[in-house]
J.: 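Sharing a structure with you now.
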Amino acid sequence: MTIDYKSRLKTLQERLEEKNIEVAMITAPANVFYYIGFNSDPHERFMSLVLDNRTQKFTLFVPALDKEMAEQASIVKNIVPISDEEDPYTKLKHELGDEINRFGVEMKSVSMFQHRHLSSAFPQAVYEDIQSFINEQRLKKSRDELIYVQKAVDIIEEVLAEGIKKVKPGMTELEFTAELEYLMTKHGAEGPSFSTIVLSGEKAALPHGTPGDRVFQSGDFLLIDMGVSIKEGYCSDITRTFIIGEATDKQKEIYDIVLESNQAGINSVQGGVPLKTFDITARNVIHEKGYGDYFNNRVGHGLGVEVHEEPSVHENNEQIAEAGLLFTIEPGIYIPNYGGVRIEDEVYINENGEAEVLTSFPKELQIL
């Protein structure tokens, strides 16, 4: 099974032609990977996939130390290496000339520093945002892509199943995080798809808190939010919440409400309705139970090559859901200085406009 990168490039090229964009420069590593199969983080160095519609030519500019990897992975074989002492904008100008009028860039990715150098190299160019074209292409996931996401989901669920067996009072959040991230590589992942979140006790009320030296205690909430990236370039994201030792009636109540909200959100997923429907349906469950003030974030986000992609599933998003969309449903209740619960699943809208849930890790309350 292979991804049809050539078709992706052709689609983008056609969109650029429609908008009369002569040259487009793609710099976000995830977008470079999406179009040509080369997955690399250049850090502070310059990397760009350039589409020159005047000559129908594609060129990949990479740090010199990544040239060999690029040659092996990229479907674009016209590769220009840039050594550390070279000016990448001079090399761009040398390859493209300076007679460019309409220059396409991803406005979210291009910094003021880069824009200043581009403007100096191509003084007559007008810069156009091509971000929307790219987002539109990446929005719908093919069955081939879904296979890779499912692989990443399967790995993280294996990690979670094995990892929770190691939980015991006296362990710190950081110690358990290290155990989980070791298991990720043991089970075949490239690494975490984002910074693993392990929060215990009252810290579980922090939706994006950071693991620290807090020690697990009996009676704690234990919120685990994590995912992996795999070598094929796709990722996963799952959250489950547990109780260590013994659960109180209030903890069980909060958990059951979030579980009901999560399931209501999933049950509402279908093609042909606004994306906000899924958020509102899940949110209403929590609101009607009296905890609406403790759920103050969107119910979900898209994922694929990156762990956060389009679409954003929030209560004001009027975009119509359609086949090919992949996103999370992750309602939560977060009570300051007490704790919180989040349950997160990954849902795909299939060819029939129906929901397919990729995650399968049990959701009934587990006491560790």
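FYI, the numbering just counts along the sequence from 1.
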J.: Can you confirm whether more than 12 heavy atoms, excluding those of E246, are under 6.0 Å from its CD atom?
T.: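 Counting neighbours around CD of E246, 12 or fewer heavy atoms of other residues, nucleotides or ligands fall under 6.0 Å, so no.
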
J.: Relative to F295, does R283 satisfy both conditions: NZ or CZ under 6.0 angstrom from the six-membered ring centre, and within 45 degrees of the ring's axis?
T.: yes

J.: Can you find a pair of side-chain heavy atoms, one from H187 and one from D154, that are under 4.5 Å apart?
T.: no

J.: Are K91 and E95 close enough for a salt bridge, meaning some N to O gap below 4.0 Å?
T.: no

J.: So, for P331 and V258, which heavy atoms are closest and what is the spacing to 0.1 Å?
T.: O-CG1, 3.5 Å

J.: Does M47 belong to the same Ile/Leu/Val/Met/Phe/Trp/Tyr cluster as L51, with side-chain heavy atoms less than 4.5 Å apart forming each link?
T.: yes

J.: Please examine the side chains of I197 and M226, heavy atoms only from C-beta on, and report whether any two atoms are closer than 4.5 Å.
T.: no

J.: Under 4.5 Å between side-chain heavy atoms, counting indirect links through other Ile/Leu/Val/Met/Phe/Trp/Tyr residues: same cluster for Y348 and L325 or not?
T.: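 No, because Y348 and L325 fall into different hydrophobic clusters, even though each may have its own neighbours under 4.5 Å.
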
J.: Flag yes if more than 12 heavy atoms outside D41 fall under 6.0 Å of its CG atom; otherwise flag no.
T.: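 Buried by this count: over 12 neighbours within 6.0 Å.
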
J.: For Y127, is the OH atom crowded, meaning more than 12 foreign heavy atoms sit under 6.0 Å from it?
T.: yes

J.: Closest heavy-atom contact between E128 and I21?
T.: CB-CD1, 4.0 Å

J.: Is the shortest side-chain N to carboxylate O distance from E136 to R15 below 4.0 Å?
T.: yes

J.: Does the pair Y34 and Y5 meet the rule for a ring pair (Phe, Tyr, Trp, His ring centres under 6.0 Å), with working shown?
T.: CA-CA 7 Å; Y34 178 80; Y5 296 110; 7.9 Å; no

J.: I'd like to know whether F278 forms a ring pair (Phe, Tyr, Trp, His ring centres under 6.0 Å) with F327, so could you lay out the CA-CA distance, the side-chain angles of the two residues, the decisive distance to 0.1 Å, and finally the verdict.
T.: CA-CA 11 Å; F278 316 146; F327 48 86; 5.6 Å; yes

J.: A quick test of your reading: do over 12 heavy atoms of other residues, nucleotides or ligands sit less than 6.0 Å from CG of N352?
T.: yes

J.: Does a donor on one side chain and an acceptor on the other come within less than 3.5 Å for N262 and E330?
T.: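 The criterion, which ignores hydrogens and geometry beyond distance, is not satisfied for E330 and N262.
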
J.: Can a salt bridge be assigned to the pair D225 and R240 using a cut-off of 4.0 Å between side-chain N and carboxylate O?
T.: no

J.: If you draw a 6.0 Å radius around CD in E68, do more than 12 non-hydrogen atoms from other residues or ligands fall strictly inside?
T.: no

J.: Say whether V313 and L358 are linked into one hydrophobic cluster, either directly or through other cluster members, by side-chain heavy-atom distances under 4.5 angstrom.
T.: no

J.: Does one hydrophobic cluster hold both L60 and F58, with members joined at side-chain heavy-atom distances below 4.5 Å?
T.: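 Yes, because L60 and F58 connect within a single hydrophobic cluster, where side-chain heavy atoms sit under 4.5 Å apart.
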
J.: So does R138 pair up with E306, basic N to acidic O under 4.0 Å?
T.: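 Result for this pair is yes, salt bridge flagged.
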
J.: Answer whether the closest heavy-atom distance between the side chains of V23 and N53 falls below 4.5 Å.
T.: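 Contact flag for V23/N53 side chains = no.
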
J.: Can you confirm if the aromatic rings of F113 and H117 lie within a centre distance of less than 6.0 Å?
T.: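 Yes, they do, as the ring centres are separated by less than 6.0 Å.
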
J.: I'd like to know if E315 pairs up with R298 as an ion pair, taking the criterion as any Lys NZ or Arg NE/NH1/NH2 lying under 4.0 Å from an Asp or Glu carboxylate oxygen.
T.: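 Salt bridge flag = no for R298 with E315.
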
J.: Checking side-chain polar atoms at under 3.5 Å, does Q56 have a donor or acceptor matched by the opposite partner on D52?
T.: no

J.: Can you tell if the side chain of L139 reaches within under 4.5 Å of the side chain of P311, non-hydrogen atoms only?
T.: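 They are in contact (side-chain heavy atoms under 4.5 Å apart), so the answer is yes.
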
J.: If you measure only the distance, is there a donor-acceptor pair under 3.5 Å linking the side chains of N297 and H314?
T.: no

J.: Are E309 and K141 ion-paired here, with the side-chain N under 4.0 Å from a carboxylate O?
T.: yes

J.: Between the main-chain N or O of E22 and the side-chain N or O of R102, is there a donor-acceptor pair closer than 3.5 Å?
T.: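 Checking the backbone N and O of E22 against the side chain of R102, no donor-acceptor pair under 3.5 Å is found.
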
J.: Verify the distance criterion only: is there a donor paired with an acceptor across the side chains of Q124 and N101 at less than 3.5 Å?
T.: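 Indeed, the side chains of Q124 and N101 share at least one donor-acceptor pair under 3.5 Å.
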
J.: Following the transitive rule for hydrophobic clusters with a side-chain heavy-atom cut-off under 4.5 Å over Ile, Leu, Val, Met, Phe, Trp and Tyr, establish whether I320 and V273 coincide in one cluster.
T.: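 No.
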
J.: More than 12 non-hydrogen atoms from neighbouring residues, nucleotides or ligands closer than 6.0 Å to NZ on K168, yes or no?
T.: no

J.: Check whether Y338 forms a cation-pi arrangement with K250 (NZ or CZ under 6.0 Å from the six-membered ring centre, at most 45° off the ring normal).
T.: yes

J.: Could you walk me through whether F46 and Y89 pass the ring pair (Phe, Tyr, Trp, His ring centres under 6.0 Å) test, one step at a time?
T.: CA-CA 9 Å; F46 181 88; Y89 302 94; 5.4 Å; yes

J.: Parallel under 30°, tilted from 30 to 60°, perpendicular over 60°: which one fits the rings of F122 and F103?
T.: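 Correct class here is tilted.
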
J.: Of the non-hydrogen atoms in I224 and I164, which two are nearest, and what is the gap between them?
T.: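 Nearest pair, atom of I224 first, then I164: CD1-CG2, 4.1 Å.
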
J.: Between K231 and E190, is there a donor-acceptor pair closer than 3.5 Å when you use the side chain of the first and the backbone of the second?
T.: no

J.: So does K289 have more than 12 non-hydrogen atoms from other groups sitting under 6.0 Å from NZ?
T.: no

J.: Between E356 and R143, is there a salt bridge with N-O shorter than 4.0 Å?
T.: yes

J.: Within a 6.0 Å radius of atom NE2 on H308, are there more than 12 heavy atoms belonging to other residues, nucleotides or ligands?
T.: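 Correct, the count exceeds 12.
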
J.: Would you call K108 and D129 a salt bridge, taking side-chain N to carboxylate O under 4.0 Å as the test?
T.: no

J.: Do Y255 and F242 come close enough that some side-chain heavy atom pair is under 4.5 Å?
T.: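 Not in contact.
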
